[in-house]
Colleague: 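Please see the structure below; I have some questions.
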Amino acid sequence: YAAAQQELVERQKAEGRFRTLVEEIPAIVYSEEFEVGGARQYINRQVEELFGFTAEEASRANFWKSAVHPDDLEAVLAEEARCERTGEPFRMEYRFFTKSGEVKWVRDQCVLVHDAAGTPLFWQGVSVDITDTKRALEHEREVTRRLRALDQMKNTFLDAVSHELRTPLAAIVGIGLTLEHKADILADADRSDLYTRLVANARKLDRLLNDLLDLDRLT
């Protein structure tokens with residue numbers, strides 16, 4: 001009798017430690033009846049900490065599905081049905097409405113527990129609030145998208161600038177080589193024309209470079 005009493009005390013202590021762990025863990029731990037619209041047999045108090053609903057409210061039949069974002073509900077139900085057929089664990093991320101109407105992201109993971117005969121009894125799972133993680137990822141995606149757009153703009157700009165710079169530069173080099181090798185045999189009018197074109201292209205190049213420097217200072 002004493003041994004049985006001691007075993008009972010130890011079991012109660014273990015159950016107490018386990019219940020404390022389940023109640024304090026920063027996630028929603030639940031057990032839900034298998035029947036369609038089944039009520040939650042158990043849900044820890046974190047549902048109120050994370051989403052504002054009391055355990056009693058969150059245990060009502062069809063409550064959880066009624067709080068899933070309408071845009072995600074069809075996919076959630078389809079995945080649930082697939083897991084029922086295959087026996088695979090349910091793992092999904094979806095949006096969920098808090099009691100105040102705020103939209104949060106949830107990572108829901110659960111398994112369908114069966115009896116010895118293979119009859120489904122209840123879902124047992126954990127839901128975690130991943131809103132901050134989702135927002136951080138979305139911010140990173142937006143930053144990446146903007147950086148790619150800026151990089152594309154930079155490349156387009158450099159292509160355009162390269163073309164604009166090469167045109168007067170090529171003219172300057174061509175005229176310079178002509179004057180270097182043929183200045184003595186050119187007619188005065190032709191030589192004067194080449195000097196005029198040389199100065200005009202040099203000024204154009206100077207203007208483009210000044211524009212680039214101004215743009216760099218603005219940046």
Colleague: Show me, pair by pair, the donor-acceptor contacts under 3.5 angstrom made by side chains of residues 161-183, not counting sequence neighbours?
Modeller:
residue, atom, partner, partner atom, Å
S162, OG, L158, O, 2.7
T167, OG1, H163, O, 3.0
T178, OG1, G174, O, 2.9

Colleague: Give, for atom CD of E56 and atom OG of S59, the distance between the pair rounded to the nearest 0.5 Å.
Modeller: 8.0 Å

Colleague: Would you indicate whether the side-chain heavy atoms of Y30 and N44 approach each other to under 4.5 Å?
Modeller: no

Colleague: Is the shortest distance from a Lys or Arg side-chain nitrogen in E138 or R135 to a carboxylate oxygen in the other one below 4.0 Å?
Modeller: no

Colleague: Assess whether a salt bridge exists between D151 and K154, defined as any Lys/Arg side-chain N lying under 4.0 Å from an Asp/Glu carboxylate O.
Modeller: yes

Colleague: Evaluate the side-chain hydrogen bond (donor to acceptor under 3.5 Å, both in side chains) criterion for residues D159 and N155: first the C-alpha distance (whole Å), next the side-chain angles of each, then the deciding distance (0.1 Å), finally the verdict.
Modeller: CA-CA 6 Å; D159 288 342; N155 291 336; over 6 Å; no

Colleague: Answer with yes or no whether the hydrophobic clustering places V128 together with F97; edges join I, L, V, M, F, W, Y residues whose side-chain heavy atoms lie under 4.5 Å apart.
Modeller: no

Colleague: Quick one: closest heavy-atom pair of W123 and E80, and the distance?
Modeller: CZ2-CG, 3.9 Å

Colleague: Please examine the side chains of L205 and N201, heavy atoms only from C-beta on, and report whether any two atoms are closer than 4.5 Å.
Modeller: no

Colleague: Please confirm whether the backbone N or O of R45 pairs with a side-chain atom of E48, one donor and one acceptor, at under 3.5 Å?
Modeller: no

Colleague: Can you name the nearest heavy-atom pair linking A27 to V126, along with the distance?
Modeller: CB-CG1, 3.7 Å

Colleague: So, for W64 and F96, is the gap between ring centers shorter than 6.0 Å?
Modeller: yes

Colleague: Stepwise, does the side-chain contact (heavy atoms from CB on, under 4.5 Å) test hold for T98 with F51?
Modeller: CA-CA 5 Å; T98 68; F51 300 115; 3.8 Å; yes

Colleague: Please report the closest heavy-atom contact between E79 and R91, naming both atoms and the distance.
Modeller: OE2-O, 4.5 Å

Colleague: Tell me the closest heavy-atom pair linking F34 and P120, and the distance in Å.
Modeller: CE2-CG, 3.6 Å

Colleague: Mind checking what makes side chain to side chain donor-acceptor pair (under 3.5 Å) contact with S192, not counting sequence neighbours?
Modeller: none

Colleague: Over all heavy atoms of both residues, which pair between G125 and C110 is shortest? Give the atoms and the distance, please.
Modeller: CA-CB, 3.5 Å

Colleague: Do the charged groups of D211 and R207 touch, with an N to O distance under 4.0 Å?
Modeller: no

Colleague: Which is it for T133 and L137 under the side-chain contact (heavy atoms from CB on, under 4.5 Å) test, yes or no, and what are the steps along the way?
Modeller: CA-CA 6 Å; T133 301; L137 288 173; 4.2 Å; yes

Colleague: Would you say K134's side chain and E93's backbone share a donor-acceptor pair under 3.5 angstrom?
Modeller: no

Colleague: Between A58 and I43, what is the shortest heavy-atom contact and its length?
Modeller: CB-CD1, 3.8 Å

Colleague: Using atom types as modelled and distance alone, determine if a side-chain donor or acceptor of T86 lies under 3.5 Å from a backbone N or O of R82.
Modeller: yes

Colleague: Can R191 and D188 be counted as an ion pair, charged N to O under 4.0 angstrom?
Modeller: yes

Colleague: So among L73, T131, V76, D71, which one has a side-chain contact (heavy atoms from CB on, under 4.5 Å) with R95?
Modeller: D71

